[in-house]
Protein chains: 2
Amino acid sequence: MNPNFIKMKNILCDFIEQFVPLTEDEKNVILELDVIKYFKKGTLILKQGKRTSESYFVLKGCIRVYYILDGTEKTTEFFTELEGYTPPCVLSNQPSELYVSCVEDSIIAISKPNMAEEVFKKFPKFETVCRILSEQLIVKSQTNFADFKTSSPEQRYLNLMKERPDLIQRVPQYQLASYLGIKPESLSRMRARIVGKK
Amino acid sequence: MNPNFIKMKNILCDFIEQFVPLTEDEKNVILELDVIKYFKKGTLILKQGKRTSESYFVLKGCIRVYYILDGTEKTTEFFTELEGYTPPCVLSNQPSELYVSCVEDSIIAISKPNMAEEVFKKFPKFETVCRILSEQLIVKSQTNFADFKTSSPEQRYLNLMKERPDLIQRVPQYQLASYLGIKPESLSRMRARIVGKK
DNA sequence: ATCATTTCTTAACTTAAGTGAAGATTTTGA
DNA sequence: TCAAAATCTTCACTTAAGTTAAGAAATGAT
């Protein structure tokens, strides 16, 4: 077992222990269940049209969710360290509408519903964690959405600089642009405008 | 027990039975726990600055979530029949940033976390329902957000006409406008433009 | 180190949303 | 029923985003 692997397991257990305490037994269950995978930058973890039941939990790196509309990539989400994502197709049992790709070399914990079910049966505590996490995620998602609706593209960019400054460094601008709901040219112009104002 | 009350209980149980079957016992638990309240149009169920631990589940009518920024109402959500909402302040234990008001005369099932905890203990099945519902809500919220980001104000309005035509009838336009992320004047002009195009 | 590819910038022009202000229309309550 | 309040529309003007197109800069692969 390489030391990096153990480090990642600890990150995962620490994260879960924010919500419920874990016994050694329970930690071992996680160690056995969660599959930790390494991906190179640019790897497509999920492609449009494919079926999957996998959820992704980012231990290191950054993944991007996007789809292609009229030949253009529309980026809808970025997930970085300690953020998790379940594609809609996992719940709908349909082919995926979305692509998921690695913006950087990334380490991802992958889980599947049947794994989860088993664990829930053995340790109901895990279901509680998932429920609480889900409830928090809903609030987060709704709050982000509300902030987005009520601000101009420029405010959104300034807000992103404040809330997730790392993304601006890590991610190509044309991907950030559609994440902000604007065109790459507009983002470029906007940045020039903002620098000018200072 | 008035017949309308019983009707509402049935609506609630039917809704839950979409996800898990319920025994009579379990239905009774719901009947005893959930508090069903009647509100007049315009009632403020939750005010900015107030603390609450209540979640709302709309049995009939329509509620609106908004906050006031620079003296202007910013509407972030509408919930109608069979939709539920937990304000962020319930999870954060802070005074509410948001108002919740009734767009119409409404019948709302109100629940609190301590009720939920008790029920979860007695019937773990309910925690499963809540987890599944939450997971679905996350997807829904993220999908809505993605659609919003990738469309123009006009597309958003056309999409709203398709997806929630009832809202356009039920809700004042100035509230719809901020829900669409635009000014009321722009919505008014846009509607004229759309009618002209036909 | 160099070439090809990807990403970013700039510019001129078009289109639609924001703003401020006024007035029309609809709804509500006494 | 009528006046006040709330809601919606229109107009002229400003501002910023979309579009098209060209070329510069950065990155990656050999």
Side-chain angles (χ1 to χ4, degrees), chain A residues 39-44 62 64 66 68-75 78 99 101-105 148-161 167-198, chain B residues 39-44 62 64 66 68-75 78 99 101-105 148-161 167-198:
Chain A
F39 297 102
K40 282 275 164 210
K41 175 173 178 176
T43 308
L44 281 170
C62 177
R64 171 172 75 111
Y66 65 97
I68 293 181
L69 189 65
D70 306 327
T72 314
E73 288 180 7
K74 307 281 182 176
T75 297
F78 293 101
Y99 294 83
S101 82
C102 295
V103 172
E104 307 169 344
D105 290 357
F148 189 92
K149 269 185 192 174
T150 56
S151 30
S152 65
E154 184 169 329
Q155 288 172 320
R156 283 175 217 151
Y157 181 72
L158 294 171
N159 188 52
L160 190 69
M161 291 206 320
L167 276 191
I168 295 177
Q169 302 309 317
R170 298 169 96 164
V171 170
Q173 269 183 50
Y174 76 96
Q175 293 174 8
L176 279 183
S178 72
Y179 182 65
L180 292 170
I182 60 177
K183 301 285 165 211
E185 299 88 338
S186 299
L187 178 55
S188 182
R189 177 172 45 198
M190 199 171 78
R191 281 158 48 91
R193 200 168 62 219
I194 289 170
V195 171
K197 277 186 191 168
K198 276 192 214 163
Chain B
F39 297 102
K40 282 273 162 210
K41 174 174 177 174
T43 307
L44 281 170
C62 176
R64 172 172 75 109
Y66 66 98
I68 294 181
L69 189 66
D70 306 327
T72 315
E73 288 179 6
K74 307 282 182 177
T75 297
F78 294 100
Y99 295 83
S101 81
C102 295
V103 173
E104 307 169 345
D105 291 358
F148 188 93
K149 270 185 191 172
T150 54
S151 25
S152 66
E154 184 169 328
Q155 288 171 321
R156 283 175 217 153
Y157 181 73
L158 294 171
N159 188 53
L160 189 69
M161 293 207 318
L167 276 191
I168 294 177
Q169 303 309 317
R170 298 166 95 165
V171 169
Q173 270 183 48
Y174 77 96
Q175 293 174 8
L176 278 183
S178 72
Y179 181 66
L180 292 169
I182 60 177
K183 301 285 163 210
E185 298 88 340
S186 297
L187 178 55
S188 181
R189 177 172 45 198
M190 199 171 77
R191 281 157 50 90
R193 200 169 60 219
I194 290 170
V195 171
K197 276 187 193 168
K198 277 193 212 161

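Here is how names work: the chains are called A, B, and so on, in the same order as the sequence lines, proteins then strands, and each is numbered from 1. Please read all numbers here as calculations on a predicted model, not as lab measurements.
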[N] [atom2] sits how many Å from [X] [atom1], rounded?
X: B:Met190; N: D:dC11; atom1: CE; atom2: P; answer: 18 Å
X: B:Leu180; N: C:dA16; atom1: CG; atom2: P; answer: 17 Å
X: B:Lys183; N: D:dT15; atom1: NZ; atom2: C1'; answer: 14 Å
X: A:Gln155; N: D:dA16; atom1: CD; atom2: P; answer: 11 Å
X: B:Asp70; N: C:dG18; atom1: CG; atom2: P; answer: 15 Å
X: B:Tyr174; N: D:dA6; atom1: OH; atom2: P; answer: 9 Å
X: B:Gln175; N: C:dT27; atom1: CD; atom2: P; answer: 14 Å
X: B:Ile194; N: C:dA17; atom1: CD1; atom2: P; answer: 9 Å

Minimum heavy-atom distance [X]-[Y], with the two atoms named:
X: A:Ile168; Y: A:Leu176; answer: CA-CD1, 3.8 Å
X: B:Pro184; Y: B:Tyr174; answer: CG-CB, 3.9 Å
X: B:Ile194; Y: B:Glu154; answer: CG1-OE2, 4.0 Å
X: A:Gln173; Y: A:Leu187; answer: O-CD2, 3.5 Å
X: A:Thr75; Y: A:Ser178; answer: N-OG, 2.7 Å

Please round to the nearest 0.5 Å and tell me the distance separating atom [atom1] of [X] and atom [atom2] of [Y].
X: A:Met190; Y: A:Leu180; atom1: CE; atom2: CG; value: 6.0 Å
X: B:Thr150; Y: B:Arg156; atom1: OG1; atom2: CZ; value: 9.0 Å
X: B:Asp105; Y: B:Thr43; atom1: CG; atom2: OG1; value: 8.0 Å

Among C:dA17, D:dA17, C:dT10, the nucleotide that comes nearest once only the side chain of A:Pro153 is considered: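 Looking only at side-chain atoms, A:Pro153 lies closest to D:dA17.
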
Side chain of A:Pro172 - closest among C:dT10, C:dC8, D:dA17: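 Nearest to the side-chain atoms of A:Pro172, counting from C-beta on, is C:dC8.
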
Side-chain donor-acceptor pair present, B:Tyr179, B:Arg64, cut-off under 3.5 Å: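 Distance-only check fails for B:Tyr179 and B:Arg64.
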
Contact nearer the 5' end of DNA chain D, comparing A:Leu187 with B:Pro184: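 Looking at DNA chain D, the more 5' nearest nucleotide goes with B:Pro184.
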
Under 4.0 angstrom between [X] side-chain N/O and [N] OP1 or OP2:
X: B:Ser186; N: C:dG18; answer: yes
X: A:Arg191; N: C:dC8; answer: no
X: A:Gln173; N: C:dT6; answer: no

Would you list the protein and nucleotides 25-30 of chain D atom pairs, both N or O, that sit under 3.5 Å from each other?
from, atom 1, to, atom 2, distance (Å)
D:dG28, OP1, A:Lys41, NZ, 3.3

Mutual orientation of the aromatic rings belonging to A:Tyr66 and A:Tyr99 [parallel < 30°, tilted 30-60°, perpendicular > 60°]: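 Geometry flag for A:Tyr99 against A:Tyr66: parallel rings.
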
Anything under 3.5 Å between a protein N or O and an N or O of nucleotides 22-25 of chain C, put it in a table, one pair a line.
none

Touch class at under 4.0 angstrom, heavy-atom based, for A:Arg189 against every strand present: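 Here A:Arg189 touches the bases of the nucleic acid.
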
